Amino acid sequence: MLTSNRKTYFNQPDEQGHFGPYGGVFVAETLMQALEELRQNYEKYLHDNDFLAELDADLTHYVGRPSPLYHAERWSRELDGAQIYLKREDLNHTGAHKVNNTIGQALLAKRMGKTRIIAETGAGQHGVATATVAARLGLECVVYMGAVDIVRQEANVYRMRLLGAEVRAVESGSKTLKDALNEAMRDWVTNIDDTFYIIGTVAGPHPYPAMVRDFQAIIGREARQQVQQQAGRLPDALVACVGGGSNAIGLFYPFLDDEAVAIYGVEAAGDGLETGNHAAPLCAGRPGVLHGNRTYLMEDDDGQIIETHSISAGLDYPGVGPEHAWLKDCGRAQYVAVTDNEALAAFHALTRIEGIIPALESSHALAYAAKLAPTLEREQIILVNLSGRGDKDIHTVAALEGIEI
Amino acid sequence: MSRIAATFKSLRAQSRKALIPYITAGDPKPGITVSVMHAMVEAGADIIELGIPFSDPMADGPVIQRASERALIHHTSLRDVLKMVQEFRVDNAQTPVVLMGYLNPIEVMGYEAFAAAAAEAGVDAALTVDIPPEEAGELLSALNRHALNAIFLIAPTTVGSRIETICKVASGFVYYVSLKGVTGASHLDIAGVEQKLDEIRRTTDLPIGVGFGIKDAATAAAVSKVADAVVVGSALVSRVEALADQPDAIAPALARLLAEMRRAMDAQSQS
């Protein structure tokens, strides 16, 4: 309690994984022992110099970190407002921030003597990042993916198979990301002795939300240093897209105690919040319990989880990481939503003006930055997490324009 | 004495074991659930486990997942499930009913509102799959206030100190999951189960039910040799699925399977 007279956001979660009323461990008894084993190992290796050195070397030489911080001068001029800086997670190996976490968890799996890796994936980015590190470490890899998403993301399915992973189609429920997560949990319960479950976002039972955050927080640590080197000061605002919320928490976390830095998480408003066809639990949902944690959810009056909609498969999830739920309630971060069309406009703008094709997920963050910039002064700084590259989305975008590739 | 305790006491006096069938409420349509419950009691069920349909049944295998999906086509809600129990109680005052399901529908209704409504409807206990004792404090208080039992799972991976934690808050009976996996899996190791039950019995006097992997009269009898209660779920629900388009045939089919199990268990206990 040394810091009791100074407010800090760095003391979450508590020992049982609670972020205020959110988070926790809500799983069947069959998983409790495995989660306890994971928690103990994670806490041990988090402070193990050998482990951290191995992780650091991989992030440098395999992933290509640090990722650049890029001042998007032309786009900032066009928007006629604040200066926009992009944290280029799209330049990581495999093309998104996901690999920061899969490397960390796979190294942990190896230390724990696990020989088999499982993962769930929506857009396929986390699946590809998992298959990639499994290939490199020589671990067996099974990726669960909703049958609907398999059709939407054919190219990523093929990439995972090239990398030696087995992609299993999930035919239950809405056949999307949430059902893939259910199925991965079922696999884990059944094969608990030799299997490590790499969750791709800051959700799930403790310790996943804290562990994934800690592996992704390198984004914010680098960005905080880079922006001070380049601009001589901290940014005025951070903007990142929020599906499960791993890229967002990765950027936000190291800035949480910098109270002058405004924080915006951008959810997918889909066809518009008023239509109900969206994936914005923080903006338009309410608290509940799903996938091992208490958090904001998209649910009906009976407590059934409802189907979500977003143009971006990576944001198409009915829950959100519990730390975001907590940051929303305590007011440290603000959560907003942008529609499919607004995201598409930002996708095209960045591509044409800066020569960077952003992922549709990241385009949501860009769209909000484009709204925010003109409301700020030219000397002010908005730091946007460009969480992934858009090559995977060109079929989706082309199809909307009636073009078949 | 609670209805569940009275049931186990009376069975013990007769040297018999409890037969506990599980069905998902509203599967394949809400109208038949109460009559199926009565038919199961007539066929020899001692306690009924009634599943609350949920959109994301993480701990269940494909058979019970699909049962939830069928029930949810008709929007079978927790309130509907409670109404079914209330209707069942009109003609049956003695057979305990355990609601089994996931936390979110209960969380949305509110723990106190749920416990009050469940007690009012004639429910005896709740088994909430995804709430371990560590998170269950408020829910347990609500259940206790309304004299409802709280059933908890113990798994093959549950170590000694956790068995104690669980038994401390459990009431009615404890439910041992006989294998690693989800409901409907099929590799049952009776010797391993017996060993674990001995360990649990050193911690608690509560009766122990065993579920997961019990699919016919032979496995029911084998499990009844070592457990106080035999829970059968997927074997029943797969018959509901097979007969989903002829709902009138469901009650007799389930009754037949349960009667076979009942006979095999009773023969086992007399041998």
Side-chain angles (χ1 to χ4, degrees), chain A residues 15-18 21 23-37 170-176 178-193 195 204-206 286-295 297-307 318-319, chain B residues 52-62 65-66 68-69 71-72 75-81 101-109 114 127-136 152-159 161-163 165-166 174-177 179-185 187 212:
Chain A
E15 270 187 40
Q16 286 80 42
H18 299 112
V25 180
F26 293 89
V27 297
E29 179 58 29
T30 38
L31 279 176
M32 290 301 288
Q33 182 57 31
L35 287 168
E36 178 59 18
E37 184 193 358
V170 178
E171 300 282 355
S172 57
S174 59
K175 303 176 189 181
T176 58
K178 78 176 177 73
D179 310 285
L181 214 148
N182 292 336
E183 208 53 40
M185 287 277 184
R186 293 179 187 121
D187 179 310
W188 198 27
V189 172
T190 310
N191 301 293
I192 218 148
D193 296 331
T195 297
H206 182 62
R286 58 178 175 182
V289 171
L290 178 71
H291 292 152
N293 64 118
R294 181 179 282 119
T295 187
L297 299 175
M298 304 270 295
E299 60 185 357
D300 67 16
D301 291 341
D302 296 331
Q304 309 296 347
I305 307 308
I306 54 183
E307 287 182 31
Chain B
I52 306 164
F54 184 49
S55 54
D56 294 78
M58 246 167 49
D60 283 298
Q65 288 170 44
R66 289 194 297 267
S68 259
E69 287 176 17
L72 288 175
H75 304 285
T76 309
S77 68
L78 177 51
R79 285 174 206 286
D80 295 332
V81 178
Y102 294 80
L103 183 59
N104 202 49
I106 296 174
E107 174 123 340
V108 166
M109 185 183 281
F114 163 72
L127 195 178
T128 313
V129 177
D130 53 350
I131 192 162
E134 290 86 342
E135 301 281 358
F152 282 90
L153 302 175
I154 293 179
T157 47
T158 307
V159 295
S161 58
R162 274 194 67 74
I163 294 179
T165 308
I166 293 167
V174 294
Y175 184 144
Y176 179 63
V177 175
L179 43 85
K180 292 176 191 170
V182 292
T183 51
H187 35 274
F212 286 36

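Worth saying up front: this structure is predicted, and the values here are computed from it rather than measured. We name chains A, B, ... by the order of the sequence lines, and we start the count at 1 in each one.
Formation of a donor-acceptor pair under 3.5 Å by the A/Gln304 side chain with backbone atoms of B/His75 is not found in this model.
Heavy-atom distances place the side chain of A/Leu290, and not its backbone, under 4.5 Å from chain B. Heavy atoms of B/Pro57 lying under 4.5 Å from chain A belong to its backbone as well as its side chain. In this structure, chain A has heavy atoms under 4.5 Å from both the backbone and the side chain of B/Leu153. Looking at A/Glu36, there are no atoms closer than 4.5 Å to chain B (heavy atoms on both sides), in backbone or side chain. With a threshold of 4.5 angstrom between heavy atoms, B/Val129 approaches chain A through its backbone and through its side chain. For B/Asp80, no part sits under 4.5 Å from any heavy atom of chain A, backbone or side chain. Of the atoms belonging to B/Ile166, it is side-chain heavy atoms, and not backbone ones, that fall under 4.5 Å from chain A.
By the ring-ring contact (aromatic ring centres under 6.0 Å, His included) test, A/His291 pairs with A/Tyr317, sequence neighbours left out.
With chain B as partner, the option from A/Asn191, A/Asp179, A/Asn182 having the largest number of non-hydrogen pairs under 4.5 angstrom is A/Asn182. Note on B/Pro132, B/Ala59, B/Pro53, B/Ser68: by heavy-atom pairs under 4.5 Å with chain A, the leading option is B/Pro132. When the candidates A/Asp193, A/Ile192, A/Ile306 are compared by the number of heavy-atom contacts under 4.5 Å with chain B, A/Asp193 comes out ahead. Listed options B/Glu107, B/Met109, B/Glu69, B/Arg66 were ranked by heavy-atom pairs under 4.5 angstrom with chain A; first place goes to B/Glu107.
B/Thr128 has its side chain out of reach of A/Phe26: every pair of non-hydrogen atoms, C-beta onward, lies at least 4.5 Å apart. Between B/Asn104 and A/Leu297, the closest side-chain pair of non-hydrogen atoms falls below 4.5 Å. No side-chain heavy atom of B/Met58 sits under 4.5 Å from any side-chain heavy atom of A/Val189. Counting heavy atoms from C-beta on, the side chains of B/Gln65 and A/Arg186 come closer than 4.5 Å. Under the 4.5 Å side-chain criterion, counting only non-hydrogen atoms from C-beta, B/Pro62 is not in contact with A/Glu171.
B/Arg79 CZ to A/Asp301 CG: the interatomic distance, rounded to the nearest 0.5 Å, is 9.5 Å. In this structure, B/Asp130 CG and A/Met185 CE are separated by 10.5 Å, a value rounded to the nearest 0.5 Å.
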Which side-chain N or O atoms in residues 27-35 of chain A pair as donor and acceptor under 3.5 Å with protein atoms at least two apart or in another chain?
from, atom 1, to, atom 2, distance (Å)
A/Glu29, OE1, B/Arg162, NH2, 2.7
A/Glu29, OE2, B/Thr158, OG1, 2.9
A/Glu29, OE2, B/Arg162, NE, 3.0

Residue pair A/Arg294, B/Glu135: steps toward the salt bridge (Lys or Arg N to Asp or Glu O under 4.0 Å) verdict: CA-CA 11 Å; A/Arg294 181 179 282 119; B/Glu135 301 281 358; 5.1 Å; no
Criterion side-chain contact (heavy atoms from CB on, under 4.5 Å) on A/Glu299 and B/Ser55, from CA distance to verdict: CA-CA 10 Å; A/Glu299 60 185 357; B/Ser55 54; over 6 Å; no
